[in-house]
Amino acid sequence: MDSYEKKNCGGNADCTTDAVIGLSSCRNKTLYDHRLLLVELRMNYQSADTLSKSSMDNKVIHTKQLLGSGCLPINRKTIFVFTEKVAPQARHWVEAQKHEGGEIQNFVVYSVKEFRDNILSYDELPYVAIYDAATISNDFQVFIRNNDWQGVFNKFDFWIKLANKIQYSNVFEYHSLANIIVSEWKKVRAVNPCFPNEEIEIDAQIIEEEIGLQFTFQLNDKCS
């Protein structure tokens, strides 16, 4: 924001926060509640003794004025980032000033590490699969223990079709299912490289071809 104001507004860069970043809430890799987050970097501060409530308040107020009523709302909280040593002092100081009112009531103090731990990039956010690998594997094992190979193949067919259905609507779940299906099929072939029953082997090769087409899985050796 300092650079933006110098270039476009002819203002005093001391009166704006250092950065405004895009922020979203996330639930299982689905982003929502998009907004702007004001961030002030204070890593050059050696202690909290020189902090000024009016200066900090004015930075936030002026930055919000520059942003105006754009297409995205501004996050209620403003982040001030200090070194690991100064952050606890600054946090205590900010809390002590909040009774005076003003923008400082919505200030949050982070150390560099705390900022890194709390403000994550999209790629760092975890995805929790809807369909559990252990549960799917146990389902397969029930049929395998009973030598119900048609039941096993029907299960594979079900999961392959489901993965295909969600391929574009939920790419993370698709990749999760793909890994599970390929892993379970490798287990089947590890103990049955070639089924002695010709009809069962033909059915197995049909499933194998479906897996290969859907997930680019290649079996090294084929039954002749």
Take Phe156 and Phe140, measure what ring-ring contact (aromatic ring centres under 6.0 Å, His included) needs, and give me the verdict at the end. CA-CA 9 Å; Phe156 272 109; Phe140 277 118; 4.3 Å; yes
Do Leu213 and Glu210 have side chains that approach each other closer than 4.5 Å (heavy atoms only, starting at C-beta)? no
Would you call Asn170 and Tyr127 a side-chain contact if the rule is heavy atoms closer than 4.5 Å? yes
side-chain contact (heavy atoms from CB on, under 4.5 Å) for Ile206 and Asp157? Distances and angles first, verdict last. CA-CA 10 Å; Ile206 292 172; Asp157 187 59; over 6 Å; no
Please say yes or no: joined through hydrophobic side-chain contacts below 4.5 Å, possibly via intermediate residues, are Val112 and Phe107 part of one cluster? no
Check Ile74 against Lys64 and note the closest heavy-atom contact, atom names and distance. CD1-CG, 3.8 Å
Can you find a heavy atom in the side chain of Ile21 that is under 4.5 Å from one in the side chain of Leu37? yes
Please check if Ile181 and Val188 belong to a single hydrophobic cluster, counting links between Ile, Leu, Val, Met, Phe, Trp and Tyr side chain heavy atoms closer than 4.5 Å. yes
Side chain proximity check, Tyr110 to Asp117, heavy atoms < 4.5 angstrom: no
Can you see which heavy atom on Ile166 is nearest to which on Tyr174, and at what distance? CD1-N, 3.8 Å
Within the structure provided, determine whether Trp149 and Ile144 are in side-chain contact (heavy-atom separation under 4.5 Å). yes
For Glu40 versus Thr17, what's the shortest heavy-atom pair and its separation? OE1-CA, 3.2 Å
To check you understand the geometry: which heavy-atom pair defines the closest contact between Gln150 and Asp203, and what is its length? OE1-OD2, 3.2 Å
For residues Arg189 and Phe195, determine if any side-chain heavy atom of one lies less than 4.5 Å from a side-chain heavy atom of the other. yes
Under a 3.5 Å distance rule, please check whether Lys59 uses its side chain to pair with a backbone N or O of Thr16 as donor and acceptor. yes
Search all heavy atoms of Ile61 against all heavy atoms of Glu103 and return the closest pair with its distance. CG1-CG, 3.6 Å
Considering only heavy atoms from C-beta outward, does the side chain of Arg76 approach that of Arg35 to under 4.5 Å? no
Where do Glu173 and Lys29 land on the salt bridge (Lys or Arg N to Asp or Glu O under 4.0 Å) test, with the steps shown first? CA-CA 10 Å; Glu173 191 66 26; Lys29 301 296 273 189; over 6 Å; no
Steps toward side chain to side chain donor-acceptor pair (under 3.5 Å) verdict (Arg91, Ser111): CA-CA 9 Å; Arg91 187 177 295 116; Ser111 68; 5.5 Å; no
Nearest heavy-atom contact between Ile104 and Trp93 is CD1-CZ3, 3.9 Å
Would you say that Tyr131 contacts Ile180 through its side chain, given a criterion of any heavy-atom pair below 4.5 Å between the two side chains? no
Is it the case that atom NZ in Lys161 sees more than 12 heavy atoms from other parts of the structure closer than 6.0 Å? no
Please confirm whether the backbone N or O of Val128 pairs with a side-chain atom of Asn28, one donor and one acceptor, at under 3.5 Å? yes
Single-linkage hydrophobic cluster Val39~Leu66, side-chain heavy atoms < 4.5 angstrom: no
Out of Asn138, Asp132, Asp139, which residue meets the side chain to side chain donor-acceptor pair (under 3.5 Å) rule with Thr135? Asp132
Going by atom types only, do Gln205 and Glu201 share a side-chain donor-acceptor pair under 3.5 Å? yes
Given the rule that I, L, V, M, F, W and Y join up when any side-chain heavy atoms are under 4.5 Å apart, are Ile119 and Leu36 in one cluster? no
